[in-house]
Amino acid sequence: MPRLVALLLLATGCSDYNLSGKPQPETGSDGGGTDGGSSRTECGTLDLSPGDVAIDETCEAPAEVGSWTPVIEWTNTAAGDAYTTPVVGQLTDDNGDGLINGDDTPDVVLANGAGAVYAMSGDSGRTLWTASGLGAEPSTPAIADLDGDGRPEVVASGSGGLVAYRGDSGAQMWRAAGGNPYVCGGVGVYDLDGDGRPEVVQGSSILDGLTGSVKATLRHGTGTGYTGGIYASFGVAADIDQDGDLEVVTGNALYDVAGTVLWYNGQTDGFVAVGNFDSDPQGEIVVTTYPGRVRLQDHDGTVLWSGAYTGNTIGPPTIGDFDGDGRPEIGVAGNGVYVVIEHDGTLKWSRSINDYSSGFTGSAVFDFEGDGQAEVVFADENDLWVFDGATGAVKLQESRHSSATCSEYPAIADVDGDGHAEIIYSSSAYSGSERGVTVVGDRDDTWMPAAETWNQHGYSITNVSDAAGAIPEYPDTNWLSYNNFRSGDLAAATGGALADAVPVEIDVCTLECEEGRLYLSLALGNSGLSDLPAGVAVSLYTRNGSAWDLLETRTVPDEVESGRHAEGLEFVVDPALVPTALRFVVDDAGGAGSLAECIETNNVWEIDSPCP
C-alpha cells in the first residue's frame with residue numbers, strides 16, 4: 001500500500017524546484033528537526049508562506065436569462081373590491097427572533113373600496129389583520145416606520161381622512177384631525193428635513209408622522225391631474241435641487257418641509273414623477289395633466305417640452321429605461337391608450353387598452369427576464385397586461401382581473417421571499433367578478449431578484465431603506481443611480497464572478513532523496529474573481545504505469561481569496577513510491593471536481609520524479 005508521511009519541519013533552507021522538473025542550486029543545508037528519528041541535515045524548513053497568484057479577469061459565469069412562464073400563485077378574494085395599488089413590506093416577526101427584517105416573510109397591504117385595510121402574508125395571501133375607518137374610495141396606503149422602533153406602520157387615507165395603523169396588529173396609532181378627504185390618490189412618507197422623524201405627505205398637507213398633526217398646508221398644487229380639486233392627490237418628495245433636503249413636488253410648485261413655496265410656475269397642477277433627463281445632477285419633473293397632456297419641467301419649474309398624447313384623462317407617469325438605450329422614457333395611461341414617450345417628448349409607441357372609467361391608472365416597469373429589455377406592467381378595467389418596453393408587443397394578457405379603476409397600478413416585488421420578482425395587482429367586480437389581490441409569478445422561478453418592498457404609490461427604490469419600512473434621513477438620489485420612478489431595478493442579469501482553483505508549487509527540495517525523503521510544498525491557489533470556499537480537496541498521486549495511485553487527500557480549512565494562494569501543504573514522500581512522476585490535483589473529487597469554477601482543466605500540476 002503506498003504511503004505518504006506529512007511532517008512539519010522546523011529547520012530552514014531548501015532549494016526551489018521549477019515546473020520543468022529540474023532541481024535548482026542549493027540554498028542551504030543546515031537544519032534541525034527529525035523525520036521518524038533520523039537527523040535532518042540537508043533540507044531545512046520549506047517555504048509555506050501564502051502569496052499572490054495571477055487573476056484571470058475573464059472568470060465570470062455567463063448571464064442566465066430567465067424564462068417567461070407567468071402563472072397565478074395566489075388570490076385573496078376576502079379583501080373585497082379594491083382599486084388601490086397593493087403595497088409590500090414586512091409587517092410581522094415571522095421567525096420569532098424579536099425583529100422585523102429581511103429574515104421575515106414579506107406582507108401585502110391593500111385598502112379596499114369600503115374603506116378597510118387588509119394585511120396579508122406575501123407567501124400565501126393569508127389575511128393577517130383588517131382595520132376600517134378610511135371612508136369611501138381610499139388612496140393607496142404606505143408602509144413606513146413612523147416612530148423609529150424597527151416596527152413598521154401603515155398609513156392610509158380616504159374620504160374619512162388620514163389614519164396610521166400599527167403594522168403588526170392593525171391597531172390605530174393616530175387619526176389626523178380635520179384635513180382634506182384624500183380619495184383615490186396615494187400616501188407618501190419621507191424624512192423631509194433629515195431629523196430622523198418622517199413626515200406624511202398627501203395633497204396639500206404635510207403631517208408629523210409620529211402624531212398625525214398638521215405641520216404645513218400647501219398653497220398651490222396637490223399633485224393631482226384630475227380637474228376636480230383634491231380628488232386623486234398624491235404625496236411625492238425628492239431632493240430636486242440637490243441641496244441635501246427633500247422637497248415636496250407637485251405639478252406646478254415645489255415646497256420645503258415648512259410648506260414654504262420654493263417656486264411656483266403658474267402651470268396647471270398634475271400627477272408627477274421625478275428623474276433626470278439632462279446632464280446636470282438636479283432632477284426633472286414629469287407632469288401629466290388633463291386633457292391628456294405630458295410636460296417635462298426643469299428643477300426650477302421651467303417647462304422644457306409639452307405635448308398631448310392620450311386625449312381627455314391621463315394617469316400618473318412612470319419613468320424608466322424602457323428600451324435599454326441608456327436614456328429614460330416615460331410611460332403613461334389615459335382613456336383607451338397606453339403610451340411610451342422618449343426623453344425628448346417624441347412618442348415611441350402606443351397600445352390600446354380598456355380604461356374608460358377613471359382613465360388615470362398608473363403602471364410599473366421591471367426587467368423580469370434580466371435580458372436588458374424592460375417590461376411594462378399595467379392593469380385596466382378588464383385585464384392585466386405586460387407589454388414589451390421597447391415595442392409595446394403584448395407579452396401577457398391575464399383576463400382574471402376586473403376593476404372600476406382609480407389611480408392604481410400593479411406593484412412588483414419579491415412578495416414571498418423566494419428571490420424572484422412577482423406581480424401584485426388588485427381587482428374589483430366591475431367588468432367581471434374578480435375581487436381582492438392576485439399574485440403572478442414565474443412557474444419556473446427564473447425571474448430576476450426584486451426588492452421585498454414596494455412601500456407606496458410613489459415608489460422610487462431609494463425612498464425606503466428596507467422591507468421593514470425604515471425611512472432614510474438622507475436618501476440616495478434615485479436618478480443618480482437608477483433614474484426611474486414607479487419602477488424596480490432594471491439592471492440586466494449578470495453572470496457573476498467565479499472562483500478558479502489552481503495548484504501552486506512553492507518549494508521542492510531533493511537534497512535528501514538518497515536518505516529516502518523528497519520534500520514538496522504545494523498550495524491551493526485561486527486565479528478567479530470570487531473567493532474559494534473553505535474545505536476544497538487537494539490530492540497527491542504517484543504514477544503507476546498508465547494509472548495514478550492516490551497517496552493522500554487533504555482539505556484546505558480556510559477560504560482562499562481571489563488572487564491569492566493558501567499556506568503551503570508540506571509533503572515528505574519516499575522516493576521509492578515515486579518511480580516516474582507525481583501529480584498534485586486541486587478541487588479533487590475522483591477526477592470530476594466539486595466546484596463550479598472558471599476553468600476545469602487547470603487543476604493538475606505534474607512533475608517527473610525529481611529524485612535521481
Side-chain angles (χ1 to χ4, degrees), residues 76-89 91 107-120 125 127-144 146 152-189 200-205 207 209 212 214 222 224 226 228-235 357-358 360-362 379 402-409 411 424-430 433-438 455-458:
N76 181 331
T77 60
D81 291 324
Y83 36 86
T84 61
T85 299
V87 291
V88 180
L91 301 180
D107 303 302
V108 179
V109 175
L110 181 79
N112 69 15
V117 179
Y118 276 76
M120 295 154 274
T127 299
L128 301 175
W129 54 260
T130 64
S132 58
L134 296 180
E137 292 192 296
S139 294
T140 294
I143 296 174
L146 299 178
E153 283 74 43
V154 174
V155 189
S157 65
S159 61
L162 277 154
V163 186
Y165 304 92
R166 298 294 183 185
D168 56 358
S169 66
Q172 183 174 303
M173 179 181 180
W174 52 254
R175 177 182 290 273
N180 293 314
Y182 299 113
V183 295
C184 206
V187 180
V189 182
V200 175
V201 181
Q202 190 176 6
S204 60
S205 298
L207 282 70
V214 176
T222 61
T224 179
Y226 184 71
I230 62 169
Y231 194 75
S233 60
F234 288 85
S357 45
S358 74
F360 48 85
T361 44
S402 171
S403 181
T405 74
C406 192
S407 55
E408 84 275 12
Y409 65 93
I424 311 99
Y425 66 89
S426 60
S427 292
S428 59
Y430 181 72
S433 58
E434 292 80 13
R435 290 179 169 87
V437 177
T438 301
N455 78 311
Q456 60 189 33
H457 195 289

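All values below come from the heavy atoms of this structure, side chains included, with hydrogens, waters and symmetry mates left out.
In plain terms, the two heavy atoms of L134 and V117 that are nearest each other are CD1-CG2, 3.6 Å. In terms of heavy-atom proximity, G188 sits nearest to Q456 at CA-OE1, 3.6 Å. Among all heavy-atom pairs drawn from S407 and C184, the shortest one is OG-O, 2.6 Å. When all heavy atoms of S358 and T405 are compared, the closest pair comes out as OG-OG1, 3.0 Å. The shortest non-hydrogen separation linking A79 to G436 is CB-CA, 4.0 Å. Summarising the geometry of Q202 relative to S157, their closest heavy-atom pair is OE1-OG, 2.7 Å, with the distance given to 0.1 Å.
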Subject >> Check against side chain to side chain contact (heavy atoms under 4.5 Å, CB included), D107 and W129 >> reply: CA-CA 11 Å; D107 303 302; W129 54 260; over 6 Å; no
**OP:** With side chain to side chain contact (heavy atoms under 4.5 Å, CB included) as the test, would you mind laying out the steps for L110 and I424 before giving the verdict?
**Re:** CA-CA 11 Å; L110 181 79; I424 311 99; over 6 Å; no
**OP:** Take T361 and Y83 through the test side chain to side chain contact (heavy atoms under 4.5 Å, CB included) and record every step on the way to the result.
**Re:** CA-CA 10 Å; T361 44; Y83 36 86; over 6 Å; no
Original post:
Given the rule in the side chain to side chain contact (heavy atoms under 4.5 Å, CB included) test, do L162 and W174 qualify, once you have shown the distances and angles that lead to the verdict?
Top reply: CA-CA 9 Å; L162 277 154; W174 52 254; 4.2 Å; yes
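Taking CD of E434 as the start and OG1 of T77 as the end, the distance is 11.0 Å to the nearest 0.5 Å. Rounded to the nearest 0.5 Å, atoms OG (S159) and OH (Y231) are 10.5 Å apart. Atom CG of N76 sits about 13.0 Å away from atom CZ of R435, to the nearest 0.5 Å. For the atom pair CZ (F234) and OG1 (T222), the distance works out to 10.0 Å, reported to the nearest 0.5 Å.
A distance-only check finds no donor-acceptor pair linking the side chain of Q172 to the backbone of V163 [under 3.5 Å]. In this structure, H457 contributes its side chain and G362 its backbone to no donor-acceptor pair below 3.5 Å. Proximity of a side-chain donor or acceptor of T224 to a complementary backbone N or O of A232 within less than 3.5 Å is detected. With hydrogens and angles ignored, the 3.5 Å screen pairs a side-chain donor or acceptor of S139 with a backbone N or O of Y182. Looking at Y118, its side chain never comes within 3.5 Å of a backbone N or O of N112 through a donor-acceptor pair. With S426 contributing its side chain and T84 its backbone, the two residues share a donor-acceptor pair below 3.5 Å.
Two residues are said to be in side-chain contact when any heavy atoms from C-beta on lie closer than 4.5 Å; L146 and V200 meet this criterion. Proximity of S428 to S403: side-chain heavy atoms (C-beta onward) are separated by under 4.5 Å at one or more points. Contact of the Y165 side chain with the P141 side chain is not registered, since no non-hydrogen atoms from C-beta on lie closer than 4.5 Å. Using a 4.5 Å heavy-atom cutoff, the side chains of Y430 and D81 are not in contact.
The only member of L91, V155, V437 that meets side chain to side chain contact (heavy atoms under 4.5 Å, CB included) when paired with V109 is L91.
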